[in-house]
Structure formats: structure tokens, C-alpha cells
Trainee: 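What follows is a single structure, and I will ask about it in a moment.
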Amino acid sequence: MKEINENELPKAYEPTAHEDRIYKKWEDSGKFNPDNYDLDENSGTFTIMMPPPNATGVLHLGHASTLAYEDLMIRFARMQGKRTLWLPGTDHASIATQAKVEKLVLEKEGKTRHQLGREELLKRIDAFVEDSRNTIRSQVRKMGSSCDWSRERYTLDKGLSDSVLEIFVRMYNDGLIYRGDRIVNWCPRCKSTLADDEVNYKEGSAKFYTFKYSKDFPIAISTTRPETKLADVAVAVHPSDERYMQYIGKTFSVDFAGGTKLSIKVIPDYHVDKEFGTGALGVTPAHSAVDYQMAQEHALPIIKLINEDGIITENGGAFAGQTVAQARKSVVAYLKEQELLIEEKDIPQALSICYRCDTPIEPLPSLQWFVNMSKEVEFPDGKKSTLKERALSVVTDKKINFVPDRFEKSYADWMNNLHDWCISRQIWFGHQIPAWYRGDEVYVDKTAPEGDGWVQDTDTLDTWFSSGQWTFATLGWPDNVKQGAVAEKYEQRNDLERFHPTDVVETGYDILFFWVARMILMTEYALGEIPFKNVYLHGLIRDEKGVKMSKSLGNVIDPLGVIAKYGTDALRMSLIIGATPGNDLKLGENKVEGYRNLTNKIYNISRFILSTVKKVKRVTKKPKAKTVADEWILNELDKTIALTTERIETYQFSLAGEGLREFTWNTLADWYIEIAKIEGDKDEILLYVLEKVLILWHPFTPFVTEYVWELLGYEDMIMTQAWPRVIKEDIKEVEFDFVMNLISSIRTMRGENKLDPVLKLNALVISPDVKVLSKQEAIIKKLARLENLEITHEQQERPKASAMQVFAPASTVYLLLDGIIDIDKERARLAKEIESAQKLISATQARLANESFVKSAPVDIVESAKTQLGDAQEKVAKLTSQFESLA
RNA sequence: GGACGACUAGCUCAGCUUUUUAGAGCAUCUCGUUUACACCGAGAGGGUCAGGGGUUCGAAUCCCUUGUCGUCCACCA
């Protein structure tokens with residue numbers, strides 16, 4: 001390997017030259033796997049299950065965002081010395097994947113899935129998925145994800161399938177899973193059912209028809225779907241509606257369009273809006289969820305008019321065989337012809353559409369499998385509850401925390417309104433339902449029943465049924481179980497015992513209900529415990545104009561393209577810094593460019609230190625400060641360490657990154673390094689600060705920090721270095737004193753004529769021999785202006801000692817620049833603050849002197865008043881001393 | 001219809017459990033081309049924190065209200 005010479009290093013960091021190699025180095029080291037660390041029993045664990053991307057293709061920025069956040073948390077925990085597991089995987093994504101492959105097969109071979117057959121299609125899908133998973137694996141690596149590939153999983157692998165079967169059978173035996181003929185959301189294009197939350201709504205307009213079934217029928221009704229009226233069984237009216245009261249309970253025989261005979265009963269129902277339309281509603285139980293409810297309550301028959309292909313059944317009389325659209329025209333034509341149509345107008349309507357393909361949903365009665373959300377059952381911990389209540393209580397009891405917490409409310413609302421969950425899908429790709437039929441017999445178990453003539457259900461399970469088991473099935477359940485304290489030593493425990501519950505799930509808020517809620521349900525049912533302690537939800541990533549990225553608009557930013565141009569570190573920072581949880585993020589290229597510059601800054605700070613110090617060596621112990629500037633930078637570093645740690649621990653990643661940037665660029669690079677150039681002799685401190693800064697940056701920018709670590713020639717990898725710790729009490733809040741010291745010392749020197757600060761300043765700034773950095777000049781000019789010092793241009797020499805004198809309090813200058821400048825103003829401000837604090841004191845004292853308040857108010861209120869009083873008094877004392885020192 | 005969120009500098013956004021004088025990045029303008037970095041440095045301009053009201057010694061921050069935009073949920077046939 002070629003020896004690295006600092007002087008030959010390129011001026012700018014080149015991400016693409018190092019990233020792949022560095023990733024390989026990490027991966028080959030085995031250090032992504034927590035088993036390859038020598039840690040003691042009490043190290044603590046930290047676990048994240050990577051949300052499995054769909055096996056349909058490529059990663060988008062949403063995935064990139066999740067990977068950036070999770071890798072940050074994982075690297076942070078690992079450096080803190082925890083046993084850290086990040087388990088990667090992919091989701092088979094039943095409908096999405098099958099639809100994609102079907103489309104490809106149709107394009108290439110001109111065959112539909114039915115022409116191809118189940119076996120053959122599944123073969124094609126498997127091949128496609130294998131390919132796709134390889135793409136995803138490589139993209140996850142590109143993001144720098146430090147996940148344990150030896151534990152990689154797939155929602156259709158054997159372990160997950162075992163778990164799915166186990167849960168299905170247990171739920172069936174508990175009476176939680178049942179098969180029922182119910183109204184389902186049917187997508188005629190996907191030819192499958194959809195869960196309630198898989199239905200989207202689109203604003204549109206519809207023709208609203210008002211008509212009578214026949215000339216002698218007494219009540220007119222209104223509808224946007226005249227064709228479904230062929231299957232009406234009732235007319236519902238509000239019980240208090242005087243117009244129709246007289247008809248309630250009566251049944252009318254009607255000859256309707258296409259020769260269909262209807263038997264219409266007039267029923268009362270409080271849900272009917274008297275003001276809407278005619279105030280009467282035609283009830284079509286088979287093709288409307290609301291009507292279905294009414295039919296159940298009034299024991300009305302259910303006539304299925306539309307089949308799974310969107311074609312009118314034989315119940316449609318003369319219209320049988322027509323499509324829904326054709327039948328609508330036919331019925332409207334009939335109504336016009338018979339002069340039954342009273343009104344036709346356009347109204348706005350929210351159209352139900354399939355969330356995958358935007359096809360309008362057809363509500364249909366169908367025999368499907370459901371999970372009962374409201375049936376009481378015994379959980380593994382022996383407590384009895386319904387799935388719904390259980391999943392709700394873990395959040396309301398704060399066993400699971402949401403970031404941001406406002407999503408706890410949406411979660412609770414959603415859970416409260418949850419209906420039974422339709423889990424069967426008429427899709428071939430997925431976990432086939434473990435139910436066998438023979439005549440009227442039904443058999444449910446993990447394996448096929450013995451005997452002849454049994455036929456397995458051809459449906460598969462909703463993809464969320466399996467991904468809902470992601471946190472524990474990936475850890476070996478059901479083979480692995482929790483045995484409590486049986487295994488004393490950590491090594492003797494299985495993965496489930498070691499790593500579950502996981503610590504965090506990080507994902508977009510758009511799949512809160514789909515996935516997060518299902519994981520909570522499933523895990524509570526299987527294990528009686530929570531799947532994760534914290535849920536961090538990021539927002540949607542939009543383009544720079546705030547438009548949602550979509551293929552059709554062509555505004556999709558490809559993470560790989562960004563990485564190729566600016567590097568992974570820059571992309572990661574762009575996704576994390578300046579983003580707040582739960583809020584959408586607008587990402588433009590100039591933002592990424594800015595963070596590319598920051599990456600370069602980190603590199604160049606390192607390059608400078610590398611080439612300046614006499615000998616590169618690790619400085620692990622905090623060096624002694626020789627000047628005030630040293631003291632200041634070491635203190636600032638400690639503050640940054642404490643702040644960054646705290647912010648990452650409390651999920652304030654954006655603030656953590658901003659604070660680091662501030663320290664790195666504005667404090668270290670712009671000030672301390674400039675001071676170091678003048679003061680000199682700072683090798684130890686520079687190396688010490690650099691090492692800590694690199695470590696702090698590592699979770700954000702793993703590649704550049706690892707690269708610099710290599711340049712420094714330090715042992716091991718930065719990835720496995722220990723996260724720095726500081727004792728909070730050691731941090732000094734010294735800024736204000738520095739300012740005061742500086743000002744007073746200049747005044748003293750002047751007054752006593754011991755030193756002439758003017759002279760010293762000049763010596764440094766204006767020497768014609770020495771070209772002065774603008775930075776230094778700025779410091780001096782500012783100081784000079786402050787203290788009314790004159791800058792002269794005659795001084796020739798540049799005495800080192802005086803440089804020390806002037807720059808020793810450089811930190812204070814820094815603060816001066818920040819604005820604490822005008823003494824009179826400062827005194828006025830302090831006086832005002834003291835006054836307001838004193839007002840607070842007298843107000844609080846008055847309250848505490850009031851006996852009835854002290855006796856009647858709650859104890860904690862009284863206590864907090866006392867604390868407040870103490871704080872205020874302390875504040876007054878502090879401010880007063882500051883005020884006096886400014887005299 | 002219900003709920004939630006946003007409204008802060010030209011742009012993108014922090015700050016929001018009442019703690020000093022409202023911040024950053026980008027953009028603009030001026031100066032600087034110096035041996036870490038032009039993917040640079042020094043400086044400047046730019047905000048009645050959407051409007052109104054309230055609580056408070058003190059409000060961008062807490063409460064109420066109005067407006068605009070957005071998201072989610074439910075859904076009227």
C-alpha cells in the first residue's frame with residue numbers, strides 16, 4: 001500500500017474514492033455483529049429491526065431517511081458500549097410484488113397470470129424478488145448501514161412462515177380468527193380484498209339521481225349508483241320524519257328495471273339524514289357497508305348483484321353479464337324512459353379507490369378471513385383483554401412512546417375505531433392460509449390434515465399480517481421463547497431473550513397504522529410484551545417545491561444519484577439535520593451541497609492538523625490548557641460532548657447535528673485553529689479535540705470520519721471507539737467572566753501604564769512584514785473599536801509574547817463579537833432584569849405569606865412557589881454582582 | 001363532519017415545558033485570493049415571530065379566537 005503523505009492529500013474530500021472500500025472493511029471486520037464483541041454482562045443492549053423494504057425494486061429517499069436515522073442511533077449505541085443489533089431484511093409485499101411481476105410478464109410474454117398458472121407465476125416472482133433483494137442489499141450498504149447481515153431476514157423465509165402459521169393457528173383456536181361472509185373492499189383490478197386502511201379517497205364529482213322505483217311507489221330516493229338499486233331490499237327513513245312515518249314497517253313489491261322484482265321494506269334508521277336528498281335511502285346490503293349494517297339489524301336479505309370481476313350477476317335480470325358502467329347506463333335509460341327520474345345533478349363525491357392502483361373500490365359481500373379485534377382473549381401474561389384494548393393500553397400507559405407524541409392521539413383514535421381486520425387476499429404470492437376444506441368441513445392447522453379430499457384455501461394472508469411479526473419472528477420465535485431468568489449468563493440466552501423488546505422503530509408516519517399498529521397487536525398477542533419502546537416517525541420527503549415525489553411527475557430524487565455526486569455523508573446529514581420528527585422535509589440539491597461542504601470542512605480541519613503537528617499520536621487524556629484559548633476550547637468541547645449526547649438520547653438528532661456543526665465550523669475551525677496558528681505549540685490539544693470531534697461526527701458521517709481515522713493511522717476503526725463521556729459538573733459556564741476579565745484587564749493595563757494594549761495590538765495586526773489573516777485582523781479591529789483603541793500602522797515587529805497576551809482571551813473576543821459589547825447597555829439590561837426578578841420575588845413572597853393559600857393549595861404548588869422564590873433570589877444575587885462588576 | 005399540523009429574515013427551516021438582546025443554512029451586498037479548506041475567510045443588510053384578544057413583572061413561546069394552507073380519519077346514500 002502506498003504510504004500516505006499529508007502534503008499530497010487532495011484539497012477536497014472525494015467520497016466516491018473511499019466509501020465502498022470503507023464499508024467493506026467494516027463488514028469484513030465482523031463488527032456489525034454484536035456477538036463479535038467482548039462485553040460484560042451489564043453492558044445493556046440496543047436493538048432495531050430495520051423496516052423491511054418492499055422486494056419490488058429500488059430504495060427511495062424515505063428508505064434512505066430511515067437508514068440514516070437508524071444507523072445514527074445504532075452507531076451511537078455501539079460506541080457507548082452496548083450490545084447493538086440492527087437486523088436487516090426485506091418484505092415480500094404480496095400485492096405490490098405480484099402486480100409488478102404480472103405486469104412484466106404481460107409486457108414481455110403477453111400472458112396473464114391465469115394463463116401462466118400459479119406455480120409458474122410464483123417461480124417468476126421468486127426470481128424477480130431474488131434479484132430485487134440484491135439491489136436493495138447493495139443500496140442499504142451504500143447508505144453506510146452498519147447492520148448485521150448474518151442475521152438478515154425475509155418475510156417469506158422459513159422462520160417468518162413458521163411464526164405466521166403459529167400465530168394464525170393460535171388465533172383461530174382462540175376464536176380471534178374467523179371466516180365470514182361480510183362486505184369487503186374489493187379492488188376489481190387487483191382482484192383482491194383490501195383492508196379498510198388500504199382504501200384511499202379521491203375528490204371527484206358524481207351524477208346524483210333522484211327517482212322512484214316505480215310509479216306507484218310512495219317514496220323517492222336518491223343515489224349516485226343507480227345500477228345497485230337492482231339489489232335493494234329496503235328504504236330507510238328517519239324514524240321522526242313525518243313525511244314517511246306512515247309507511248314504516250310496510251313492504252312493497254316493485255317491478256324494477258330489467259324485469260327485476262324487488263321487495264322493498266320501509267325501515268326506520270337514525271343514521272338517515274332528513275335533509276339530504278329526499279330524506280330516504282335505498283338500502284343495498286350487498287354493496288354498501290352502511291347498508292349491510294342496517295340489513296343485519298333489520299334481518300333483511302342480502303342480494304349479491306356484482307361479482308368479483310365487476311360484472312352484474314343473474315340477480316340483475318336482463319342486465320346480467322353487463323359491466324357496472326354498462327348497467328348504470330341501462331338503469332338510467334330505464335328510469336328516463338319510464339319517467340321515473342325526478343332529478344339528475346352533479347354533486348361532489350369522495351370516491352373510494354385502491355391505494356395501490358387507484359381503481360375504484362367495489363364493496364362486495366364475500367367469504368373472507370378476519371381477525372376479531374373486540375373479542376376478549378387471554379394474553380401470554382395471563383391478563384384478559386381484547387386485541388384492540390391491549391394495543392391501545394400499551395400506548396396510553398406510556399409503555400411505548402411516540403416521537404413526536406402527538407401521534408399517540410392519532411394512534412388511539414385509529415385503534416378505537418378499528419373494525420375487524422380482513423386478512424385474506426386473493427393473491428398467489430404470500431403466506432397461503434393454513435385452512436383446508438372438504439365439503440362443509442374446515443380444518444385449520446400448521447400442516448395439512450390426513451385423509452383424502454382436503455383442499456387448501458387458495459388465498460394468501462395480508463402482507464401486514466406477516467410484517468406485523470417482524471420484531472420477534474426475526475429473533476427466532478416460535479422456536480425461541482422467553483424463559484425469564486432461567487439462563488443466567490447472557491451467552492446462554494437466545495436472541496429473543498437477548499434482544500426483545502427492541503428499542504426503537506423508525507419509519508415514516510404514513511405507515512403508522514399499516515405497520516406500527518400491527519406490530520404492537522401481533523407482539524402483544526404472541527409474547528405479551530411490546531415490540532419496541534419508542535416509535536420515531538419522520539415525515540414525507542418532498543422536492544424543493546414541497547411537491548410529493550412521484551414517478552409520473554418526474555421529480556423523484558434518486559438517493560444513489562445524490563450519493564454519487566455528493567457522497568453518502570452529505571446525504572445523511574441532509575436528511576437528518578434541519579428535519580423535525582413528524583414534519584415533511586423539503587429536500588433540494590443546494591441543501592445536500594451545503595452538507596457536502598461540511599463533510600469537506602471536517603476533512604480539511606483534519607488535513608491541517610495532520611500537517612501541522614510535529615508527530616501524530618493519540619492523545620487520550622485531556623491535555624493541560626496553557627492559555628485561556630486552550631481552556632476555552634476544551635471547555636467548549638466538553639459542552640459539545642454533553643449536549644450532543646443528550647440530544648441524541650432524546651431523539652433531537654437535528655439539534656445534535658446543528659450543535660456539532662456550530663462547534664466544528666464556527667468554534668474550532670474559524671476561531672481556535674486561527675488562534676493556534678498564532679499561539680503555536682498546540683499539538684496535543686489539536687489532536688485531542690480532533691479525535692473527539694471525529695467520534696462525535698461518526699454516527700452522522702461514518703465514511704469521512706473513518707477515512708480520517710485511517711489517515712491519522714490510529715489503531716482499529718473509529719466505528720468501534722468509545723463515545724466520550726464528560727462530567728457535567730466539570731463544564732464551566734465561563735463566557736461572561738471572560739468578557740469581564742478581558743475588558744477589565746485592558747483597562748487596568750492602560751490605567752497602570754504597565755502595558756500598552758494598543759501597541760500590542762498593532763504589533764500583531766498591521767506589521768507590513770507579516771501578512772495578517774483577515775480573521776485575526778477582524779478580531780483586533782473589533783477589540784479596538786470596543787475599547788476605543790487606535791490602530792497604527794508603524795509597528796514592524798511581531799513579538800510572540802505579545803501575541804499570547806492579546807490572544808489569550810480570544811474566546812472572550814469571540815463572545816464580544818456575539819454582541820455583549822456595550823457596557824452601558826449591558827448595565828441597563830441587567831438592571832431591568834433585576835427589577836423584574838424582584839417583582840417576582842415580592843409577588844411570590846406575598847403568596848407564601850397568605851395563610852389560606854399555603855393551607856389550601858396542593859403541596860406541590862406551594863413547593864414550586866418556594867423553589868421559584870429561591871431561584872429568583874439567587875438570580876438577583878448573581879445579576880447584582882454582574883451589575884456591580886461592570887461599574 | 002372530526003382530529004392534527006403549519007404560518008418566524010428573499011428561500012428552507014430551528015427555537016415553542018414563559019430564563020437574558022429571536023437564531024442557522026442558502027441567497028443578496030461589501031471586503032479579502034493568506035502555506036487546511038473558494039466545497040474558503042471577514043463583515044453588512046434583512047423579521048411589529050399570520051391577525052386579534054387574554055393570563056403574566058415578562059409571551060414567538062401558555063390560553064382563547066379569526067384567517068390561510070396542508071395532512072390524516074370518517075363519510076351522505
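What you see is a predicted model, and the numbers here were worked out from it, not measured in a lab.
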Trainee: Nearest to the side chain of A/Arg661, heavy atoms from C-beta on, is which of B/A24, B/C13, B/C37?
Mentor: B/A24
Trainee: Looking at the side chain of A/Asn600, which of B/U12, B/C37, B/A77 is the nearest nucleotide?
Mentor: B/C37
Trainee: Counting any heavy atom closer than 4.0 Å, what does A/Val283 reach on the DNA or RNA strands: base, sugar-phosphate only, or nothing?
Mentor: nothing
Trainee: What is the separation between atom CG on A/Leu668 and atom P on B/A36, rounded to the nearest whole Å?
Mentor: 14 Å
Trainee: May I ask you to check whether A/Ser410 and A/Asp413 show a side-chain donor-acceptor distance below 3.5 Å?
Mentor: no
Trainee: Residues from residues 571-580 of chain A sitting under 4.0 Å of RNA chain B, heavy atoms only?
Mentor: A/Gly578, A/Thr580
Trainee: Paired with B/C11 by Watson-Crick or G-U wobble geometry, both distances under 3.5 Å: which nucleotide is it?
Mentor: B/G25
Trainee: Heavy atoms under 4.0 Å, any strand shown: does A/Leu512 hit a base, just sugar-phosphate, or nothing?
Mentor: nothing
Trainee: Let me spell it out: for each of A/Trp414 and A/Tyr13, pick the nucleotide of RNA chain B with the closest heavy atom. Which residue's pick is nearer the 5' end?
Mentor: A/Tyr13
Trainee: Rounded to the Å, how far apart are A/Lys565 NZ and B/C39 P?
Mentor: 14 Å
Trainee: Quick one: look up who B/C49 pairs with, Watson-Crick or G-U, both distances under 3.5 Å, and put none if it's unpaired.
Mentor: none
Trainee: Just how far, in rounded Å, is P of B/C39 from OH of A/Tyr603?
Mentor: 15 Å
Trainee: Should the pair A/Glu593-A/Lys565 be classified as a salt bridge under the 4.0 Å nitrogen-to-oxygen rule?
Mentor: no
Trainee: Between A/Phe407 and A/Phe402, does the ring centre distance come in under 6.0 Å?
Mentor: no
Trainee: Only pairs with both distances under 3.5 Å count, Watson-Crick or wobble alike; so what is the partner of B/C40 in this structure?
Mentor: B/G32
Trainee: For atom C1', what is the distance between B/C49 and B/A14, given to the nearest Å?
Mentor: 13 Å
Trainee: Among B/A38, B/A14, B/C26, which nucleotide has an atom closest to any side-chain atom of A/Lys11?
Mentor: B/A38
Trainee: So, does the side chain of A/Lys601 form a donor-acceptor pair with the base of B/C37 at under 3.5 Å?
Mentor: yes
Trainee: Would you say A/Val332 and A/Pro226 make side-chain contact, with heavy atoms under 4.5 Å?
Mentor: yes
Trainee: Indicate, with a heavy-atom threshold strictly under 4.0 Å, whether A/Asp273 touches base, sugar-phosphate, or nothing.
Mentor: base
Trainee: Taking 4.0 angstrom as the limit, do A/Asp584 and A/Arg542 come out as a salt bridge?
Mentor: yes
Trainee: Under 4.5 Å between any side-chain heavy atoms of A/Val233 and A/Leu262, yes or no?
Mentor: no
Trainee: Whole angstrom is fine here: how far is it from CG in A/Asn666 over to P in B/G41?
Mentor: 9 Å
Trainee: Once each nucleotide of nucleotides 1-7 of chain B is scored for protein heavy atoms under 4.0 Å, what B/S/- sequence comes out, 5' to 3'?
Mentor: --SSS--
Trainee: Any non-hydrogen side-chain atom of A/Tyr509 less than 4.5 Å from a side-chain atom of A/Val516?
Mentor: no
Trainee: With a 4.5 Å heavy-atom cut-off, do A/Val535 and A/Val403 have their side chains touching?
Mentor: no
Trainee: Nearest to the side chain of A/Phe608 - B/A36, B/A77, B/C73?
Mentor: B/A36
Trainee: Using the P atom on both, measure B/U12 against B/U17 and round to a whole Å.
Mentor: 25 Å
Trainee: Can you tell me, in whole Å, how much space there is between the P of B/G43 and that of B/U48?
Mentor: 25 Å
Trainee: Where the side chain of A/Ala12 is concerned, which of B/C39, B/A77, B/C40 is the nearest nucleotide?
Mentor: B/C39
Trainee: Could you tell me which nucleotide pairs with B/U68 by Watson-Crick or G-U wobble geometry, both distances under 3.5 Å, or answer none if nothing does?
Mentor: B/A6
Trainee: When the P atoms of B/G15 and B/A24 are considered, how many whole Å apart are they?
Mentor: 15 Å
Trainee: Heavy atoms from C-beta onward define the side chain here; which of B/C37, B/C39, B/C76 lies closest to that of A/Arg607?
Mentor: B/C37
Trainee: Of all the choices, B/A14, B/A36, B/A77, which nucleotide is nearest to the side chain of A/Ala669 once you look at every atom?
Mentor: B/A36
Trainee: What integer number of Å spans the P atoms of B/G41 and B/G25?
Mentor: 10 Å
Trainee: In whole Å, what is the span from the CD1 atom of A/Ile221 to the C1' atom of B/A77?
Mentor: 9 Å
Trainee: Between A/Ile673 (CD1) and B/C37 (P), how many Å, whole number?
Mentor: 12 Å
Trainee: Closest nucleotide of RNA chain B for A/Leu281 versus for A/Val199: which of these residues is on the 5' side?
Mentor: A/Val199
Trainee: Assess the residue pair A/Thr284 and A/Lys229 against the criterion (side chain to side chain donor-acceptor pair (under 3.5 Å)); give the C-alpha distance rounded to whole Å, side-chain angles, the decisive distance to 0.1 Å, and a yes or no.
Mentor: CA-CA 7 Å; A/Thr284 321; A/Lys229 302 292 106 182; 3.2 Å; yes
Trainee: What contact category does A/Thr224 fall into here, base, sugar-phosphate, or nothing, at under 4.0 angstrom with non-hydrogen atoms?
Mentor: sugar-phosphate
Trainee: Using atom C1' of each nucleotide, how far apart are B/C26 and B/G67 to the nearest Å?
Mentor: 30 Å
Trainee: Could you check how far CZ of A/Arg596 sits from P of B/C40, rounded to whole Å?
Mentor: 8 Å
Trainee: For atom P, what is the distance between B/A9 and B/G51, given to the nearest Å?
Mentor: 11 Å
Trainee: With both distances under 3.5 Å as the test, what is the Watson-Crick or G-U wobble partner of B/U56?
Mentor: none
Trainee: Should the pair A/Arg225-A/Glu362 be classified as a salt bridge under the 4.0 Å nitrogen-to-oxygen rule?
Mentor: yes
Trainee: Roughly how many Å apart are B/A50 and B/U8, using the C1' atom of each and rounding to a whole number?
Mentor: 10 Å
Trainee: Can you measure A/Arg542 atom CZ to B/C13 atom C1' for me and round it to whole angstrom units?
Mentor: 15 Å
Trainee: Answer yes if the ring centres of A/Phe276 and A/Phe208 are under 6.0 angstrom apart, and no otherwise.
Mentor: yes
Trainee: Measure from NZ or CZ of A/Arg661 to the centre of the six-membered ring of A/Trp697 and say whether it is under 6.0 Å with the direction within 45° of the ring axis.
Mentor: no
Trainee: Is A/Trp665 near enough to B/G25 that one of its side-chain N or O atoms lies under 4.0 angstrom from OP1 or OP2?
Mentor: no
Trainee: Please find out if less than 6.0 Å separates the ring center of A/Tyr13 from that of A/Tyr707.
Mentor: yes
